[in-house]
Amino acid sequence: MDRETLIARSAECLKGGLAAVTGTGQQYTFTYSIAGAPVAGEKATITLTDQSTGLQKQVGNGTITGLAGTFCFTYNNKEYVLAGPTVYMSAVGSPTVWNDPSGVGNGSITLTNYSRTPENLIAMVNFQGRLAFFSRQTTQLWQVNADPDLWALQQILQNVGTMAALSVQAKGDFDVFFLSDTGIRSLRAKETTLNAFVEDLGSPIDSLIVAAIQADDLNAALASGIVDPSTGQYWLHLNGTIYVFSYYPTSEVFAWSTFVPTDNAGASFTPTKFAILNGQVWCRAGNKLYRYGGS
């Protein structure tokens, strides 16, 4: 058979073929029905079960779909997000797994189920091997476990909390500073029972702090704090002033001071977030970064 005949027959065999497509993984088509007409924005969740292993994989709408988280925290190889009155947690070692039936440790707990006052959660912090959750008027202490079903509520502190998430700062494992409606407070552990209690360490300046909060409640919610690692001092920026708490029990030093944040040219700026890097305090103000001390 000559070459021209082979080409003609090959062309005849390829008639009706489809254009090339990009390769994909295995695809599945699902058909489901709902009562009544479909509604715009309606969501669905599909659970896939492996027949050989029994492991399940959940896809589609899940427990965190569409949530607007207000606070994010990393603790014990898991990621935590606060949204409304609920704390959501990722699987252990898997910060992108939040809604997997086979995931280890992912889940959620609504904390208003354990307190008389329904409030949104504002901040959380590690405290003596536990987690402390702050709302504006309530603080809850939980003994946590990799399995959310094994979490245990240990203590509820009524009428004390914070409105400023970034003001909550841990100093070591036995002390947490925060801004409350009545001033700057400290969450500490009693030496005998290890139960938490609130200490009124800010009493010398409470009148100044409360006046600043009442002058601009919305701005008070943006207050930002940090613990200077070189001195152990707690800083809190509120309405243009940084309040500094110095506490050295051995030397019997218990004092408050203030300073106005200014750059090396003498111009003032407004810190919006503090952070520690290489043992020094940094802060952001607008689109600029400032470092405290040093060259």
- Item | Between CG on residue D228 and CD1 on residue I276, distance to nearest 0.5 Å | 6.0 Å

- Task: Treat each ILVMFWY residue as a node, draw an edge where side-chain heavy atoms are under 4.5 Å apart, and state whether I205 and M163 are in one component.
- Result: yes

- Query: If Ile, Leu, Val, Met, Phe, Trp and Tyr residues are connected whenever their side-chain heavy atoms lie under 4.5 Å apart, and connections chain through other members, are F71 and M89 in the same group?
  - Reply: yes

- Message: For S108 and T86, which I'm curious about, is there any donor-acceptor pair between the side chains at under 3.5 Å?
- Response: no

- Contact check, side chains of T272 and L222, non-hydrogen atoms, under 4.5 Å: no

- Query: Counting N and O atoms only, with roles assigned by atom type, does the side chain of Q140 sit under 3.5 Å from a partner on the main chain of Q155, one being a donor and the other an acceptor?
  - Reply: no

- CZ on R284 to OG on S224, rounded to 0.5 Å: 12.0 Å

- Non-hydrogen atoms of A223 and L166 that approach each other most closely: O-CB, 3.6 Å

- Note on the structure: Correct closest heavy-atom pair for A146 and P148 would be O-CD, 3.5 Å

- Item | Heavy-atom closest contact (D206 atom, G183 atom, distance) | OD1-CA, 3.6 Å

- Are the side chain of E119 and the backbone N or O of Q137 linked by a donor-acceptor pair below 3.5 Å? yes

- Report yes or no: does T139 contribute a side-chain atom to a donor-acceptor pair with the main-chain N or O of V160 at less than 3.5 Å? yes

- Query: Should P261 and P271 count as side-chain neighbours, where that means a heavy-atom distance under 4.5 Å?
  - Reply: yes

- Take L82 and I122 through the test side chain to side chain contact (heavy atoms under 4.5 Å, CB included) and record every step on the way to the result. CA-CA 7 Å; L82 304 182; I122 294 177; over 6 Å; no

- Message: Quick check on ring-ring contact (aromatic ring centres under 6.0 Å, His included): which of F133, F134, Y234, F245 does F178 satisfy it with?
- Response: F134

- Report yes if some heavy atom in the side chain of V81 is under 4.5 Å from a heavy atom in the side chain of W98; otherwise report no. yes

- Any donor-acceptor pair under 3.5 Å linking the side chain of Q154 with the backbone of Q143? no

- Would W282 and Q280 count as having a side-chain donor-acceptor pair, cut-off 3.5 Å? no

- Does any N or O in the side chain of K171 come within less than 3.5 Å of the main-chain N or O of G232, such that one atom is a donor and the other an acceptor? yes

- Query: Honestly curious: do I242 and Y292 fall in one hydrophobic cluster under the side-chain, below-4.5 Å linking rule?
  - Reply: yes

- Task: Could you tell me which non-hydrogen atom of L238 sits nearest to which non-hydrogen atom of A220, and how far apart they are?
- Result: CD1-CA, 3.8 Å

- Query: How about F73 and Y80: are their ring centroids closer than 6.0 Å?
  - Reply: no

- Task: Could you tell me the separation between the CG atom of L236 and the OG1 atom of T258, rounded to the nearest 0.5 Å?
- Result: 12.0 Å

- Do H237 and F274 come within less than 4.5 Å of each other through their side chains, counting heavy atoms only? yes

- Item | Student check: side-chain heavy atoms of L187 and L157 closer than 4.5 Å | yes

- Message: Checking the side chain of N126 only, and the main-chain atoms of L131 only, is there a donor and an acceptor separated by less than 3.5 Å?
- Response: no

- Give the intermediate values and the outcome of side chain to side chain contact (heavy atoms under 4.5 Å, CB included) for residues T138 and Q158. CA-CA 5 Å; T138 307; Q158 299 284 1; 3.7 Å; yes

- Query: Is a side-chain N or O of S180 found less than 3.5 angstrom from the main chain of T182, in a donor-acceptor match?
  - Reply: yes

- Query: Parallel under 30°, tilted from 30 to 60°, perpendicular over 60°: which one fits the rings of W235 and F259?
  - Reply: perpendicular

- Query: Would you call V227 and Q233 a side-chain contact if the rule is heavy atoms closer than 4.5 Å?
  - Reply: no

- Sub-3.5 Å donor-acceptor pair from the side chain of K273 to the main-chain atoms of C283, do we have one? no

- Query: With a 3.5 Å cut-off and no angle check, do the side chains of N239 and N219 form a donor-acceptor pair?
  - Reply: yes

- Item | Co-membership, hydrophobic cluster, residues I109 and V144, 4.5 Å side-chain | yes

- Query: Okay, side chain of S167, backbone of A164: is any donor-acceptor separation there less than 3.5 Å?
  - Reply: yes

- Note on the structure: The side chain to side chain donor-acceptor pair (under 3.5 Å) partner of R136 among T162, D181, N120 is D181

- Message: Quick check: do F177 and I226 have side-chain heavy atoms less than 4.5 Å from each other?
- Response: no

- Query: Going through the distances and angles, do I213 and L179 end up as a side chain to side chain contact (heavy atoms under 4.5 Å, CB included)?
  - Reply: CA-CA 10 Å; I213 294 174; L179 176 65; 4.0 Å; yes

- Query: With the 4.5 Å side-chain cut-off for hydrophobic clustering, are L208 and W256 part of the same group?
  - Reply: yes

- Do NZ/NE/NH1/NH2 and the carboxylate oxygens of D263 and R291 come within less than 4.0 Å? no

- For the residue pair D175 and S186, establish whether any side-chain heavy-atom pair is separated by less than 4.5 Å. yes

- Query: What is the minimum heavy-atom distance between N106 and A91, and which atoms define it?
  - Reply: CB-N, 3.5 Å

- Query: Side chains of E79 and S90: do they bring a donor and an acceptor to under 3.5 Å?
  - Reply: no

